[in-house]
Peer 1: 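One structure follows; several queries about it will come next.
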Amino acid sequence: MKISIVYASQTGNTEAAAESIQDGILARYSFLQVRTMNVRDNEVDIPFLEQSDAVIFGAPVYFTSMSWELKKWFDQSFRIRLNGKLGAAFVTAQSPTGGTDTAIMEILRHMLAKGMYVFSGMGHNPKYKFQIGAIGLPDGTAQSTELFETFGGCVADAAVSLFGQMNPAANRPSRQ
């Protein structure tokens, strides 16, 4: 099973969040193949992305929306097949009240337009408080890292539940 983390990062905060999400996934399912891909650096591996069962999108919040780099990627990715995949969203922001919810909802709308399933972590475990996505602030604390690791694990749980667990012996983890 493969999971892609596609994000835009300018200052490094969103990239750190993506790496924490990847760590959280691999902590629960070390046999999954997980790749982080920064759209700003043209790192998106299209074949891996299309083979993924889940895709987690992330961006910094700019003017109550996702960053222009991720928006541009969505606008230009109309030929990339994402339908039927589990999608999840995360954002990083300077303030929890600066449009984090609207930025996440914009990412979710793009996923829905591509025919993706949308992850909500509220249903199965009350300790997972991710109704629409994960939000990180640039405080650099262990709490932020733990939040994103937990988010990654929750998305992986849902992907394994939806799409079935593959044989761990046949798969080696991939971290890039």
Side-chain angles (χ1 to χ4, degrees), residues 3-25 34-46 49 52-78 80 82-123 127-159:
I3 298 178
S4 294
I5 304 168
V6 177
Y7 66 94
S9 186
Q10 200 165 46
T11 64
N13 292 329
T14 309
E15 181 174 22
E19 291 170 355
S20 294
I21 290 168
Q22 181 180 40
D23 290 344
I25 293 167
V34 183
R35 290 199 184 151
T36 60
M37 306 172 195
N38 189 346
V39 300
R40 192 163 193 264
D41 295 336
N42 296 316
E43 295 176 344
V44 180
D45 179 345
I46 303 302
L49 179 62
S52 294
D53 294 295
V55 183
I56 304 169
F57 292 99
V61 176
Y62 290 129
F63 296 99
T64 72
S65 185
M66 72 172 113
S67 68
W68 69 269
E69 295 100 338
L70 188 61
K71 171 73 166 93
K72 178 181 175 185
W73 185 87
F74 272 119
D75 289 348
Q76 295 179 342
S77 67
F78 55 90
I80 298 172
L82 297 175
N83 57 307
K85 298 179 186 316
L86 178 64
F90 70 98
V91 296
T92 56
Q94 296 298 313
S95 165
T97 59
T100 54
D101 55 342
T102 56
I104 288 175
M105 290 304 295
E106 184 176 6
I107 294 170
L108 297 179
R109 282 192 304 274
H110 280 80
M111 290 188 303
L112 288 169
K114 291 190 164 293
M116 298 178 74
Y117 301 114
V118 173
F119 169 79
S120 171
M122 282 304 288
K127 79 174 189 171
Y128 304 147
K129 297 179 172 43
F130 305 108
Q131 291 179 339
I132 61 172
I135 299 166
L137 302 175
D139 58 9
T141 65
Q143 183 179 6
S144 290
T145 300
E146 182 180 336
L147 173 116
F148 283 118
E149 288 174 352
T150 301
F151 180 68
C154 291
V155 175
D157 287 344

Peer 1: Side chains of W73 and M37: closer than 4.5 Å at any heavy-atom pair?
Peer 2: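 Not in contact.
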Peer 1: Looking at T14 and S9, what are the two nearest heavy atoms and their distance?
Peer 2: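 It is N-OG, 3.6 Å.
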Peer 1: Does some side-chain heavy atom of K114 sit less than 4.5 Å from a side-chain heavy atom of H110?
Peer 2: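 The answer is no; the side chains never approach within 4.5 Å.
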Peer 1: From I21 CD1 over to E149 CD, what is the distance, rounded to the nearest 0.5 angstrom?
Peer 2: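 Interatomic distance, I21 CD1 to E149 CD, rounded to 0.5 Å: 10.0 Å.
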Peer 1: Do Y62 and K71 make a side-chain contact, defined as non-hydrogen atoms from C-beta onward lying under 4.5 Å apart?
Peer 2: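 Y62 vs K71: side chains apart.
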Peer 1: Determine the minimum heavy-atom distance between T145 and S20, stating which atoms define it.
Peer 2: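 What the structure gives for the nearest pair is CG2-OG, 3.5 Å.
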Peer 1: Do L82 and L49 have side chains that get closer than 4.5 Å, going by heavy atoms?
Peer 2: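 Sidechains of L49 and L82: in contact.
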Peer 1: Among residues at least two apart in sequence or on other chains, which ones pass side-chain contact (heavy atoms from CB on, under 4.5 Å) with A156?
Peer 2: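 Checked A156 against side-chain contact (heavy atoms from CB on, under 4.5 Å); matches are I3, I25, Y29, L32.
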Peer 1: Has the side chain of T64 got a donor or acceptor atom that lies under 3.5 Å from a matching backbone atom of T102?
Peer 2: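 Not a single qualifying donor-acceptor pair exists.
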Peer 1: If we ignore hydrogens and angles and just use 3.5 Å, is the side chain of E69 paired with the main-chain N or O of V39 as donor and acceptor?
Peer 2: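 Looks like no, no N/O pair under 3.5 Å.
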Peer 1: Apply side-chain contact (heavy atoms from CB on, under 4.5 Å) to F74 and M66, showing your working.
Peer 2: CA-CA 11 Å; F74 272 119; M66 72 172 113; 4.0 Å; yes
Peer 1: About how many Å separate OG1 of T92 and CZ of F148, when rounded to the nearest 0.5 Å?
Peer 2: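 Here the rounded value is 6.5 Å.
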Peer 1: Identify the two heavy atoms, one from A89 and one from I107, that lie closest to each other, and give their separation to 0.1 Å.
Peer 2: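 Taking every non-hydrogen atom into account, CB-CG2, 3.7 Å.
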Peer 1: How close do N38 and R40 get, counting heavy atoms only, and between which atoms?
Peer 2: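 In this case the closest contact between N38 and R40 is OD1-N, 2.9 Å.
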Peer 1: Compare every heavy atom of I132 with every heavy atom of I104, then report the nearest pair and how far apart it is.
Peer 2: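 I104 and I132 have their closest heavy atoms at CG2-O, 3.2 Å.
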Peer 1: Rounded to the nearest 0.5 Å, how far apart are CD1 of I56 and CG of L86?
Peer 2: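 Result: 8.0 Å between the selected atoms.
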Peer 1: F119 vs F151 aromatic rings, parallel, tilted or perpendicular, using cut-offs 30° and 60°?
Peer 2: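 Judged by the thresholds at 30° and 60°, the geometry between F119 and F151 is perpendicular.
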Peer 1: Looking only at heavy atoms, which two atoms of T36 and Q22 are closest? And how far apart?
Peer 2: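 Answer, listing the atom of T36 first, then Q22: CG2-OE1, 3.7 Å.
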Peer 1: Just to verify, what does Y7 make a ring-ring contact (aromatic ring centres under 6.0 Å, His included) with, not counting sequence neighbours?
Peer 2: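 Applying ring-ring contact (aromatic ring centres under 6.0 Å, His included) to Y7 gives none.
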